[in-house]
There are 2 protein chains.
Amino acid sequence: MAVSLKDIAKRAGVSQATVSNVVNGYRPVGEATRARVQEAIDELGYTPNLSARHLRRGRTGIIALAIPELNNPYFAELAAAAIRAATERGYTLLLDYTDGDRDKELLVADGFRAQIIDGLILSAVHLTRDDIAGRTSETPMVLVGEAIYHAPYDHVVIDNLAASREAMRHLIALGRRRIAFIGAHIEADRAPSLLRLRGYTEALAAAGLPFDPDLTVTTSGFGRGDGAAGMRALLTLAQPPDAVFAFNDLIALGAIRALHDHGLRVPDDVSVIGIDDVEEGRFSIPTLTTISPDKEMIGRLAVEKLLDRIEGRPAGPPAAFQPPFRLVVRESAPSTVPRQASSSSSSS
Amino acid sequence: MAVSLKDIAKRAGVSQATVSNVVNGYRPVGEATRARVQEAIDELGYTPNLSARHLRRGRTGIIALAIPELNNPYFAELAAAAIRAATERGYTLLLDYTDGDRDKELLVADGFRAQIIDGLILSAVHLTRDDIAGRTSETPMVLVGEAIYHAPYDHVVIDNLAASREAMRHLIALGRRRIAFIGAHIEADRAPSLLRLRGYTEALAAAGLPFDPDLTVTTSGFGRGDGAAGMRALLTLAQPPDAVFAFNDLIALGAIRALHDHGLRVPDDVSVIGIDDVEEGRFSIPTLTTISPDKEMIGRLAVEKLLDRIEGRPAGPPAAFQPPFRLVVRESAPSTVPRQASSSSSSS
DNA sequence: ATGAAAGCGCTAACAA
DNA sequence: TTGTTAGCGCTTTCAT
């Protein structure tokens with residue numbers, strides 16, 4: 001059995017309460033006493049038993065970040081930022097991953113592991129508004145991610161409408177006219193792709209370009225394979241697209257691969273743009289033009305807002321927070337309109 | 001305050017012990033009693049308080065997996081496997097990431113968060129043998145990853161020597177003669193790249209090929225940028241390589257990008273092979289030939305061995321476990337020898 | 001400034 | 001088969 005408060009108290013000849021106060025500093029402790037206690041702590045090598053502390057305090061010091069998939073580097077980068085932020089604030093961050101499975105998302109939102117965590121940052125994909133609204137768990141929660149719920153929770157997400165418009169403007173400025181969107185989803189009202197899709201159609205309208213339903217491709221997942229399949233479908237069209245706006249970078253990368261397999265060149269024949277700015281896109285061939293959300297800030301903000309709620313700081317009513325983003329132009333959709341076939345120009 | 005054992009006991013008119021037994025099943029409980037208790041549990045919505053349980057049992061049900069970086073998809077995939085395995089066994093897996101920082105690795109190994117975890121799976125990069133040997137923490141630990149320590153801990157890792165030899169045999173069978181290795185490390189005796197490097201030299205010797213020190217490139221990290229930088233260095237050689245064996249896929253992918261920037265073609269001018277089989281390499285241009293370790297089994301085995309120690313199952317002395325791997329041939333180093341070998345030193 | 005003592009919710013040893 | 005009871009190690013009144 002490890003060294004306990006009691007051991008220290010005995011050794012230092014004081015009460016447990018005093019030791020506790022030396023450790024936590026809730027009440028002032030006399031200088032001489034403090035020194036004696038500290039010495040005992042050092043000698044015996046005491047570390048507080050967290051389970052006991054948590055039992056007593058009713059909090060665990062653990063918060064969870066639930067993400068759909070670890071394999072998407074976007075989430076890996078987001079998680080890294082959140083872990084940093086939590087650690088700085090003295091919390092431990094537990095990564096829960098839901099596998100893009102609705103039941104698991106429900107389970108997590110509804111208090112699975114609630115006993116172990118003080119709060120939850122949830123990046124849901126499949127949850128419905130009712131799922132969120134009907135949540136019974138009392139555990140503080142902050143929402144992250146593209147799906148919209150209009151639910152009474154803080155929500156951290158970039159301005160997807162503006163981001164999509166900017167991506168589209170870039171493509172349109174390049175002279176592209178048949179721009180496809182890969183990564184739409186079936187769910188009508190709160191799908192992750194909702195705002196990005198709206199940005200897509202609005203940008204088309206603003207540029208006076210027709211909206212062709214054939215150019216909007218639905219995918220089941222969010223990975224490279226989905227992007228490749230979506231692109232292959234587009235390539236069967238009588239009039240294939242001359243540009244692709246992908247829901248995210250992984251889909252964009254998959255689309256590029258499918259174009260390559262089909263003997264088409266990016267960006268000469270087709271321009272491609274994604275969203276996320278994962279590192280992979282800085283080294284891919286071609287490198288990927290993308291919208292880069294401030295992932296560090298997203299993670300940080302989500303943690304902060306959650307801790308505000310947990311620690312009962314005045315935080316006002318639930319609100320939406322929009323970290324910045326910026327357009328990063330790379331080879332897959334460069335600023336200069338592609339002249340002819342000529343590749344292997346490099347610019348990292 | 002949430003519903004407690006006591007509440008259930010009162011409601012069902014039984015003792016706390018009985019409720020505990022119907023929840024945990026340590027002792028048999030009468031059918032009628034069980035039903036009554038279960039009903040009370042359902043009605044009141046009881047979930048055990050884990051802090052209390054852990055305080056009492058002396059275990060938390062949490063194990064940690066410490067990895068150098070989350071951004072490397074290899075570790076993300078490994079973590080996913082470990083999380084699955086832990087969850088199945090009723091444990092929660094906490095991801096700790098050390099940032100490839102020696103101090104953080106030390107901290108983790110030496111019992112940071114020891115109060116909260118029952119055991120640790122450590123994938124260290126920078127730790128020395130002495131660091132490991134001098135560990136004071138009592139927390140059970142299992143080692144994962146390429147670095148060798150000959151320390152008294154279970155260690156799960158593929159047979160890196162055999163894997164490297166197989167990768168090299170493939171390159172040599174292609175007719176490659178100047179094969180470079182990117183991703184060596186300074187530390188002499190237990191660096192992650194040690195065995196892979198030895199496999200490289202042994203394979204050269206076995207094929208009667210000369211070992212040219214210029215073709216072995218040291219990198220500080222393990223990412224795409226390191227691979228690209230390493231490749232650029234190789235391309236300044238008077239006689240650049242005609243093939244690259246990379247320490248891992250990310251380095252290989254970075255090397256491919258650098259070759260592309262240099263106007264060289266993969267695999268026509270230079271063949272490239274990596275290790276890890278990350279998903280990215282199945283969609284990259286060109287797709288990546290690689291050694292695919294069984295990540296699912298690595299994660300699973302590490303968790304199992306750790307739980308054996310934690311739960312005191314007879315596990316014998318610490319041992320090494322070698323999950324299988326296989327060569328996956330893709331475009332960057334196809335089986336058929338490239339035809340028009342134009343691997344001159346034309347563009348440099 | 002310090003101490004004594006009462007639990008937080010649970011499990012396990014001992015009784016019945 | 002079930003109940004009683006004693007803590008696990010800590011924080012926190014209430015006294016002093």
Asks: State which of dC10(C), dT1(D), dT11(D) makes the closest approach to the side chain of T33(B).
Replies: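 Nearest nucleotide to the side chain: dT1(D).
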
Asks: Name every residue in residues 10-28 of chain B that has at least one heavy atom under 4.0 Å from any atom of DNA chain C, in order of residue number, or write none if there are no such residues.
Replies: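 Hits under 4.0 Å, by residue number: Q16(B), A17(B), S20(B), N24(B), Y26(B), R27(B).
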
Asks: Rounded to the Å, how far apart are L55(B) CG and dG9(C) P?
Replies: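 After rounding, the reported distance stands at 12 Å.
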
Asks: Please answer whether the main-chain N or O of H126(A) pairs with a side-chain N or O of H185(A) as donor and acceptor at a distance below 3.5 Å.
Replies: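 Flag not set: sc H185(A) to bb H126(A) has no pair under 3.5 Å.
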
Asks: Would you say the side chains of Y97(A) and R84(B) form a donor-acceptor pair under 3.5 Å?
Replies: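 Judged by distance alone, the side chains do pair up.
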
Asks: Between E304(A) and R300(A), does at least one N-O distance fall below 4.0 Å, as a salt bridge requires?
Replies: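 Judged by the 4.0 Å cut-off on N to carboxylate O distance, E304(A) and R300(A) do not form a salt bridge.
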
Asks: What is the separation between atom CD1 on I8(A) and atom P on dT11(D), rounded to the nearest whole Å?
Replies: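 So the two atoms are 13 Å apart, to the nearest Å.
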
Asks: May I ask you to decide whether D131(A) forms a salt bridge with R102(A), counting only side-chain N to carboxylate O separations under 4.0 Å?
Replies: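 Between R102(A) and D131(A) there is a salt bridge, with a charged N closer than 4.0 Å to a carboxylate O.
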
Asks: Could you tell me the separation between the CG atom of D7(A) and the P atom of dC8(D), rounded to a whole number of Å?
Replies: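 Taking atom P of dC8(D) as the reference, CG of D7(A) is at 10 Å.
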
Asks: Between the main-chain N or O of P323(A) and the side-chain N or O of D294(A), is there a donor-acceptor pair closer than 3.5 Å?
Replies: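 Judged by distance alone, no pair lies under 3.5 Å.
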
Asks: Describe, as an angle rounded to 10 degrees, how the axis at the first end of the helix from dA1(C)-dT16(D) to dA16(C)-dT1(D) is tilted relative to the axis at the last end, five pairs per end.
Replies: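 For the helix from dA1(C)-dT16(D) to dA16(C)-dT1(D), the axes at either end differ by 30°.
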
Asks: For E31(A) and dA1(C), give me the distance from atom CD to atom P, rounded to whole Å.
Replies: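 Rounded to the whole Å, the gap is 11 Å.
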
Asks: Could you check how far CG of L5(A) sits from P of dT12(D), rounded to whole Å?
Replies: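 Answer to the nearest Å: 12 Å.
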
Asks: Rounding to an integer number of Å, can you tell me how far R59(B) CZ sits from dT11(C) C1'?
Replies: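 Atom CZ in R59(B) sits about 13 Å away from atom C1' in dT11(C).
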
Asks: Pairs of donor and acceptor atoms involving the side chains of residues 30-39 of chain A, under 3.5 Å and at least two apart or interchain, shall be tabulated with distances.
Replies:
residue, atom, partner, partner atom, Å
R36(A), NH1, A12(A), O, 2.5
Q38(A), NE2, D42(A), OD1, 3.2

Asks: Taking side chain to side chain donor-acceptor pair (under 3.5 Å) as the definition, give me every residue that meets it alongside T60(B), ordered by chain and number, with sequence neighbours left out.
Replies: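 Checked T60(B) against side chain to side chain donor-acceptor pair (under 3.5 Å); matches are D118(B).
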
Asks: Give a yes or no on whether the backbone of L107(A) and the side-chain of D110(A) come within a donor-acceptor separation of less than 3.5 Å.
Replies: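 Such a contact is absent between D110(A) side chain and L107(A) backbone.
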
Asks: For R313(B), is there an ion pair with D308(B) - N to carboxylate O distance below 4.0 angstrom?
Replies: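 Yes, D308(B) and R313(B) are salt-bridged.
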
Asks: For residues 62-79 of chain A, which residue pairs qualify under side-chain hydrogen bond (donor to acceptor under 3.5 Å, both in side chains), counting only residues two or more places apart or in two chains?
Replies: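 Output for this query lists E77(A)-K295(A).
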
Asks: Considering only heavy atoms, which members of residues 38-53 of chain B lie under 4.0 Å from some atom of DNA chain D?
Replies: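 Residues of residues 38-53 of chain B under 4.0 Å from DNA chain D: none.
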
Asks: Between dT11(C), dG9(D), dG9(C), which nucleotide gets closest to the side-chain atoms of R56(A)?
Replies: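 Out of dT11(C), dG9(D), dG9(C), the nucleotide with an atom closest to R56(A)'s side chain is dG9(D).
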
Asks: Under 3.5 Å, is there a donor-acceptor pair linking the side chains of R309(B) and Y153(B)?
Replies: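 No, Y153(B) and R309(B) have no side-chain donor paired with an acceptor closer than 3.5 Å.
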
